[in-house]
Colleague: 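To start, I am sharing the structure in question, which I have written as structure tokens.
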Protein chains: 2
Amino acid sequence: MVSIKDIAKQAGVSISTVSYALNGSDKVTEETCARILAIAKELDYVPNAAARNLKKRETKIIGVFLTDFRGDVYGDLLYGIKEILNRKEYDLIVCSGKQSHRMLPERMIDGAIVLDQTFDSEELLSYAERGHKIVVLDRELNHPHINQVLLDNKAGAALAIEHLLELGHRKLYVVTGPDGSYDSWQRMQAVKQTVERSGTAELIEIHGNFEKSGGEHAAETILRQHVSPDSGPIAVFCLNDEMAVGFYNRMAESELIIGKDIHIVGFDNIELAQYIQPRLTSINYSKTKWGAVAAEQVLKIIAGEDVEHERLYVTLVQRESAGTVFIP
Amino acid sequence: MVSIKDIAKQAGVSISTVSYALNGSDKVTEETCARILAIAKELDYVPNAAARNLKKRETKIIGVFLTDFRGDVYGDLLYGIKEILNRKEYDLIVCSGKQSHRMLPERMIDGAIVLDQTFDSEELLSYAERGHKIVVLDRELNHPHINQVLLDNKAGAALAIEHLLELGHRKLYVVTGPDGSYDSWQRMQAVKQTVERSGTAELIEIHGNFEKSGGEHAAETILRQHVSPDSGPIAVFCLNDEMAVGFYNRMAESELIIGKDIHIVGFDNIELAQYIQPRLTSINYSKTKWGAVAAEQVLKIIAGEDVEHERLYVTLVQRESAGTVFIP
DNA sequence: TTGTATGCGTTATCAT
DNA sequence: ATGATAACGCATACAA
């Protein structure tokens, strides 16, 4: 492995001069600088990250922590993060699983962006307490070193429920996320509020898990309860699209037709939403922007700037799964 | 930042004793070891990765390099990689973009798994030449430090073409990937061979790009050439599913019906394939296993073991997009 | 069993 | 403008 020592020897200068030259300091003659750079290139010199990190106490890398690597949301989110980070000479690494948490306290990364419910809030707080910089996308957490960039879950859920109410529904099934999910909890809050405010509507909560299986189970539950298909269409709000897909799958085996017998709305507007039949009405938000804002925030915290929690707006995307007007 | 020096001071021992204790060496009394560990925990000690990496010249991290973070293939692939690596005490980081290549030469990772055509083969070879360990999933590259884990592209393409031939087609449209794509090139080789071997069939190549837009363009090209819809169904083999989806999108605006007027086969069997209507016949392979094998190989190279190039088998998944028998 | 000392490759502070 | 040198935090060969 060729180090600055080798370059120094070759160039007949000291290692400090080499270091200055490589880092573009103006404390060295253009001439020697050029000579050193030439030798470095010739020797195929590459700096050693470990040594630099050890000395500088920074890595110029931001870690993104995800529950898993699947999931449609991540692609665009990561793209948004990467765009911003690269522009500021930072690199991005994506991690998943408890084992990888060490990257933060061991100082392999300068900051973290977390979208992973399985990452304990207490653990995060303890890292923040140690001085590590964190942006969370999936919970409320207050600490000088932690910033939040959250979806406007409440607005989204309200939009969904209002849409179903406008279609004339007075009985609403809502399929929730897993216990402990901040997004699910917040969306449910808004659901309840909106339903209550409507006065007349009835709310039936079905426990889900944000995965396809949750939607399948919900479909079965509803099929059991709704024996007569002539009692008018059924309204369903799945708190994410993934479950709506599972719901579709199970319903395909029944006699009920989505869009006609069942009006369903999802949340996230994943790519699949526009390909399943009928196309799924859903709550949309810019995943790219979400990532971009998160990246900006984490860099600001690192730079010591003041930051305020951010909130991303959402919109309703109307499609055929719940598009037709229905007055009972 | 608390270091072993602080622990040593607190425990009244030397830093080497602390180091031994923390690394579970048997050169230290159980008693002192326990005492040191207790102090370490109390002080909330976390080792500094940079210092350890600098000294040990290894990071226990494997980097995976992808073209982008979108793409359905990646989720399962990464899952397969992670499973194996975590089992062997290795961590996984996912990177994308030229900027992140530095991770390898700067020794931030012990090895790389590459599925990214934009990663120059020459660059990879130069890294291998410097002693870095690499597994490639998307090209043939021979070097003692490089191993290949490739799909059986030829078998897959042959399966697809044979299926269309069996349906009775004698005129086959094939939508290729971008120039320079190894997968596309190999699949085309097999396509040509299989068509030639059939004797009677005619092959029409349409240049694509492995993205949705490629499929859309291909659909337009075919719509222009095929003015009369009564000349029997058209056979299309998209060299990946993503393009097939684009093809569907464009065809939805025409009068031709996929599965009836058009028989189409894809490659990759992405999740969407089973949700678009009609469901897409495709070439399937285990993405999880692909990742697992790649991870095993890179660890073997690192361990200095001999490895041989691996090849993953593929199968045809018949669905309705090209299911019906058709004899002209 | 424990302590001393050295070096990993860099950066950065002082002299010169 | 350049050089000598001291850290950074850890692992380890060698001494005691």
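Every value quoted in this text rests on a predicted model; they were computed, and no experiment measured them. Note: hydrogens, waters and symmetry copies are ignored here, and every other heavy atom, side chains too, is used. The chains referred to below are lettered A, B, ... by the order of the sequence lines, with proteins before strands, and numbering in each begins at 1.
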Colleague: Give A:Ser19 one of three labels, base, sugar-phosphate or nothing, depending on what nucleic acid heavy atoms sit under 4.0 Å from its own.
Modeller: base

Colleague: Please pick, from D:dC8, C:dA12, C:dT10, the nucleotide with the shortest atom-to-atom distance to any side-chain atom of A:Arg52.
Modeller: C:dT10

Colleague: Within this structure, what is the CG-to-C1' distance between A:Leu54 and D:dA7, rounded to whole angstrom?
Modeller: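 My rounded result for the distance is 9 Å.
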
Colleague: Give the ring-plane orientation class for A:His101 versus A:Phe119, where under 30° counts as parallel, over 60° as perpendicular and anything between as tilted.
Modeller: parallel

Colleague: Donor-acceptor pair under 3.5 Å: do we get one between A:Lys55's side chain and the base of D:dA7?
Modeller: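 Indeed there is one.
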
Colleague: Counting N and O atoms only, with roles assigned by atom type, does the side chain of A:Thr59 sit under 3.5 Å from a partner on the main chain of A:Asn53, one being a donor and the other an acceptor?
Modeller: no

Colleague: Hey, does the side chain of B:Ser16 come within less than 4.0 Å of D:dT12's phosphate (OP1/OP2), counting only N and O?
Modeller: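 False: B:Ser16 side-chain N/O out of range (4.0 Å or more) of D:dT12 OP1/OP2.
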
Colleague: Does B:Ser14 have a side-chain nitrogen or oxygen under 4.0 Å from the phosphate oxygens OP1 or OP2 of C:dG3?
Modeller: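 B:Ser14 to C:dG3 OP1/OP2: side-chain N or O found under 4.0 Å.
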
Colleague: Under 4.0 Å: is that the gap between some side-chain N or O of B:Asn53 and OP1 or OP2 of D:dC10?
Modeller: no

Colleague: Rounded to whole angstroms, how far apart are NZ on B:Lys9 and P on D:dG9?
Modeller: 12 Å

Colleague: Reckon A:Lys5 has a side-chain N or O less than 4.0 Å from the OP1 or OP2 of C:dC8?
Modeller: yes

Colleague: Does A:Lys60 use its side chain to pair, donor to acceptor, with the backbone of A:Glu58 at less than 3.5 Å?
Modeller: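 Looks like no, no N/O pair under 3.5 Å.
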
Colleague: In terms of side-chain heavy atoms of B:Lys56, which of C:dT2, D:dA11, C:dT10 is nearest?
Modeller: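 Closest nucleotide among those given: D:dA11.
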
Colleague: Please tell me if A:Arg57 has a side-chain N or O lying less than 4.0 Å from either OP1 or OP2 of D:dG9.
Modeller: yes

Colleague: Just the rounded figure in Å: distance from C1' of C:dT11 to NZ of A:Lys60.
Modeller: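 Answer to the nearest Å: 15 Å.
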
Colleague: Among D:dC10, D:dT2, C:dG3, which nucleotide has an atom closest to any side-chain atom of B:Val13?
Modeller: C:dG3

Colleague: Does the distance from a Lys or Arg side-chain N to an Asp or Glu carboxylate O, for A:Asp68 and B:Lys82, drop under 4.0 Å?
Modeller: no

Colleague: Is A:Lys287 positioned over the aromatic face of A:Tyr285, cation under 6.0 angstrom from the ring centre and no more than 45 degrees off axis?
Modeller: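 Geometry flag: set, cation within 6.0 Å and 45°.
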
Colleague: May I have the distance from A:Ile15 (atom CD1) to C:dC14 (atom C1'), rounded to whole angstrom?
Modeller: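 That distance rounds to 14 Å.
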
Colleague: In whole angstrom, give the distance that lies between atom CG of B:Asn48 and atom P of C:dT10.
Modeller: 16 Å

Colleague: Would you kindly give the CD1-to-C1' distance between B:Ile4 and D:dC8, to the nearest whole Å?
Modeller: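 Value for this atom pair: 12 Å.
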
Colleague: Using a 3.5 Å distance criterion without hydrogens, assess whether the side chain of B:His145 forms a donor-acceptor pair with backbone atoms of B:Lys133.
Modeller: no

Colleague: Mapping A:Tyr20 and B:Leu22 to their closest nucleotides on DNA chain D, which lands nearer the 5' end?
Modeller: A:Tyr20

Colleague: Could you check which residues of residues 25-46 of chain B get a heavy atom under 4.0 Å from DNA chain C? Sort them by number, please.
Modeller: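 B:Lys27, B:Val28, B:Thr29, B:Thr32 - these, ordered by number, are the residues of the stretch whose heavy atoms sit under 4.0 Å from the strand.
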
Colleague: Charged N to carboxylate O under 4.0 angstrom, B:Lys300 versus B:Asp306?
Modeller: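 Looking at B:Asp306 together with B:Lys300, the answer is no, because their closest N to O distance does not fall below 4.0 Å.
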
Colleague: In whole angstrom, give the distance that lies between atom CE of A:Met1 and atom C1' of C:dG7.
Modeller: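 Interatomic distance, CE of A:Met1 to C1' of C:dG7: 14 Å.
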
Colleague: Between B:Ser25 and B:Tyr20 (side chain of the first, backbone of the second, donor and acceptor by atom type, cut-off under 3.5 Å), is there such a pair?
Modeller: no

